[in-house]
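Convention: sequence-line order gives letters A, B, ...; per-chain numbering from 1.
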2 protein chains.
Amino acid sequence: MVSAPKAGTLKNMTKIRGARERARGEITTAIKDEARRQLAAEGAAKLSLRAVARELGMVSSALYRYFPGRDDLLTALITDSYDALGGVAEAALEASAAQGDSHLARWQSVCRAVREWALAHPHEYALIYGSPVPGYAAPDSTTGPAARAALVLITIAADAHAAGALRVPGTAEAATGPAHAGTPHVPAAPTSVLQDARELTERLDVDLPAPVMAEMAAAWAQLFGLLSFELFGQFERVIEARDDLFDHAAVSLARGVGLA
Amino acid sequence: MVSAPKAGTLKNMTKIRGARERARGEITTAIKDEARRQLAAEGAAKLSLRAVARELGMVSSALYRYFPGRDDLLTALITDSYDALGGVAEAALEASAAQGDSHLARWQSVCRAVREWALAHPHEYALIYGSPVPGYAAPDSTTGPAARAALVLITIAADAHAAGALRVPGTAEAATGPAHAGTPHVPAAPTSVLQDARELTERLDVDLPAPVMAEMAAAWAQLFGLLSFELFGQFERVIEARDDLFDHAAVSLARGVGLA
DNA sequence: CAAGAACGAGAGCACTGCTCTTGAAACGGA
DNA sequence: TCCGTTTCAAGAGCAGTGCTCTCGTTCTTG
């Protein structure tokens with residue numbers, strides 16, 4: 001009835017003559033952008049399909065042509081966030097490596113980049129590393145992007161290992177440096193964990209001793225413990241020098257995986 | 001007509017008004033119990049005031065006599081959860097100490113107790129250590145219970161320090177053990193963090209060197225990084241031997257704060 | 001060019017948190 | 001014992017939500 005003059009309501013970003021598929025893609029990203037905006041403004045719990053549609057000048061039911069439901073919209077945002085974080089981490093490593101930084105310095109700049117992204121996008125961080133939504137189970141499509149950022153740190157360790165600059169936990173140091181004192185001896189993880197670590201190195205196709213990979217998994221989780229405490233307010237009125245604490249902990253973790 | 005009768009009632013209100021007050025208390029805990037049930041069943045996001053009221057055989061509006069709103073109910077659940085976790089940690093320490101365990105063994109059994117509570121009450125864990133609800137800001141009333149569990153680990157470190165069994169980060173070990181090799185030298189945190197740590201020891205009135213307290217803050221956060229990764233599914237299809245990884249990481253963290 | 005898929009609009013369902021009003025209890029001073 | 005005050009459960013109602021269904025229209029494709 002009245003729909004003819006309404007063609008331009010979508011900010012006429014989609015011209016009538018444009019291919020349907022392209023319009024679909026543009027509208028899809030427009031929806032995600034608006035959803036991300038609301039996410040940053042109010043948090044995931046207050047993300048409303050109707051509000052997104054309203055802001056986009058369309059009716060709520062029309063949104064279901066693009067996303068089967070609210071949870072699917074969230075899933076899309078989650079994978080996007082994983083990808084954004086992974087991209088940031090990769091860029092940081094690339095920049096640091098191009099600068100000729102040491103492996104430890106690369107580790108630290110990747111950690112810093114991750115933290116900066118998290119501080120800049122707290123709600124997206126909460127989306128991927130906070131409590132999962134009600135009955136939501138992350139589909140397998142998210143595991144790939146989720147591993148991207150972790151893979152960056154793993155790559156640093158693998159590079160260090162290839163360069164012979166990695167101390168492997170569980171081995172009494174004897175070869176390279178001065179063995180008199182001060183070089184910490186890190187005990188290796190139990191064999192069950194080492195088994196998981198071995199499978200992980202195979203799956204990721206990376207050349208890294210299992211004890212290192214095991215420490216890496218723990219370090220990765222611990223890193224996000226620090227971030228979550230900071231972002232979720234657990235350090236409020238407790239730790240003020242959060243940048244310094246994070247940096248300090250980051251090099252401690254690097255030492256834990258045998259780096260430097 | 002102003003406040004004449006109020007003077008008397010305010011004085012001994014808990015004694016005189018017995019039945020009403022007690023009924024109120026019972027209904028309040030009944031509401032919280034039912035809310036906790038729904039929390040465990042469906043998650044915080046699906047916690048519905050109306051459903052709680054329905055299950056309790058009352059009308060939704062009646063619930064507002066006991067809690068000003070949904071968020072206040074959540075707040076009550078949060079403080080309860082903090083208290084439960086704190087109680088579990090304290091009980092674990094007490095049992096371990098009574099058993100004559102070493103400081104490191106006490107640390108480990110407290111860590112295990114925390115993890116077991118978290119695994120048994122994942123939704124309550126998510127409530128206190130997951131992403132915060134929309135615009136919700138934890139009131140100051142939660143900081144006390146929140147610190148309880150952390151204080152248990154701090155106490156262990158303080159006891160070890162009093163017994164002279166604590167290695168302080170930043171100091172080159174020389175006194176007790178064989179100094180030839182293997183005793184790790186942990187660098188101290190930057191001074192800004194040490195300053196925060198010093199204030200923290202004063203506020204908590206505990207005798208602990210600032211470097212240790214700084215490592216303690218980091219270790220506390222990192223511990224929950226491991227827990228969150230496990231509970232929020234980040235270790236799914238990555239690490240299967242999660243018990244062993246946690247135990248291994250727990251003693252690593254203990255070493256980080258100078259314990260054993 | 002016409003069949004059919006994709007689409008936007010709208011009405012509607014069941015549900016939510018929350019407010020306001022009403023009438024009935026319980027309470028405590030007289 | 002009586003009566004005003006306070007507390008409470010109930011109900012109606014408002015605005016908002018996710019989601020489904022139907023209805024014409026529009027674009028695409030055989």
Side-chain angles (χ1 to χ4, degrees), chain A residues 1-28 30-31 35 38 42-75 133-136, chain B residues 1-28 30-31 35 38 42-75 133-136:
Chain A
M1 305 180 163
V2 226
S3 50
K6 290 252 184 167
T9 44
L10 280 177
K11 304 179 160 193
N12 60 13
M13 64 188 328
T14 133
K15 295 191 174 181
I16 299 294
R17 50 162 307 146
R20 212 161 213 181
E21 244 177 65
R22 207 168 75 197
R24 186 176 178 82
E26 284 174 6
I27 295 183
T28 302
I31 291 172
Q38 294 199 9
E42 298 271 19
K46 289 239 154 111
L47 205 178
S48 151
L49 266 184
R50 288 183 116 111
V52 170
R54 198 182 308 129
E55 208 71 18
L56 257 50
M58 55 202 301
V59 106
S60 74
S61 59
L63 244 162
Y64 286 82
R65 304 262 175 209
Y66 300 89
F67 293 95
R70 202 191 91 115
D71 287 4
D72 304 84
L73 213 191
L74 273 178
T75 299
V133 288
Y136 178 84
Chain B
M1 58 182 78
V2 196
S3 57
K6 288 256 187 163
T9 58
L10 182 138
K11 201 165 182 196
N12 41 13
M13 67 190 331
T14 67
K15 282 188 140 185
I16 298 293
R17 7 175 107 179
R20 269 242 256 259
E21 199 79 12
R22 209 169 63 207
R24 185 175 180 83
E26 282 173 8
I27 295 183
T28 303
I31 292 172
Q38 294 198 10
E42 297 272 20
K46 289 241 155 110
L47 205 176
S48 149
L49 267 185
R50 286 181 117 111
V52 170
R54 199 182 307 128
E55 209 70 18
L56 258 51
M58 55 202 303
V59 118
S60 73
S61 58
L63 243 162
Y64 286 83
R65 303 255 168 209
Y66 300 89
F67 293 95
R70 201 191 91 114
D71 287 4
D72 304 83
L73 213 190
L74 273 178
T75 300
V133 288
Y136 178 83

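Between A:S60 and the phosphate of D:dG18, there is no side-chain N or O to OP1/OP2 separation shorter than 4.0 Å.
The interatomic distance linking B:E42 (CD) with D:dG18 (C1') rounds to 15 Å, in whole Å. Nucleotide C:dG17 holds its P atom 10 Å from the CG atom of B:L74, rounded to whole Å. Put simply, CG on B:D72 is 15 Å from C1' on C:dT19, counting in whole angstrom units. If you measure from atom CZ of A:R70 to atom C1' of D:dC19, you get 13 Å, rounded to the nearest angstrom. When rounded to the nearest whole Å, the span between CG of A:D71 and C1' of D:dT17 equals 13 Å. Regarding A:R54, its CZ atom lies at a distance of 17 Å from the C1' atom of C:dG8, rounded to whole Å. Between the OH atom of A:Y64 and the C1' atom of C:dG12 there is a distance of 14 Å, rounded to whole Å. Per the geometry, CZ belonging to B:R24 stands 17 Å off P belonging to C:dA26, to the nearest Å.
Within the 4.5 Å cutoff, the side chain of B:F67 has no heavy atoms near those of the B:T75 side chain.
Closest approach to the A:S61 side chain among C:dA9, C:dC18, D:dT17 is made by C:dA9 (side chain taken as heavy atoms from C-beta onward). Taking the side chain of A:R50 as heavy atoms from C-beta on, and the options D:dA9, C:dT16, D:dC19, the nearest nucleotide is D:dC19.
Residue-level contact check: B:I27 touches the backbone only, with heavy atoms under 4.0 Å from sugar-phosphate atoms and none from bases.
Remark: B:I27 CD1 to B:R65 CZ distance equals 12.0 Å, nearest 0.5 Å. If you take CG on B:L63 and CD1 on B:I31, they are separated by 4.0 Å, rounding to the nearest 0.5 Å. The structure places CZ of B:R70 at 11.0 Å from CG of B:D72, a figure rounded to the nearest 0.5 Å.
On a pure distance criterion of 3.5 Å, a polar donor-acceptor pair joins the side chain of A:R65 and the base of C:dG8.
Considering all non-hydrogen atoms of both residues, A:M58 and A:Y66 come closest at CE-CE1, 4.2 Å.
Positionally, the nearest nucleotide of DNA chain D for B:Y66 lies more toward the 5' end than for the other of A:L47 and B:Y66.
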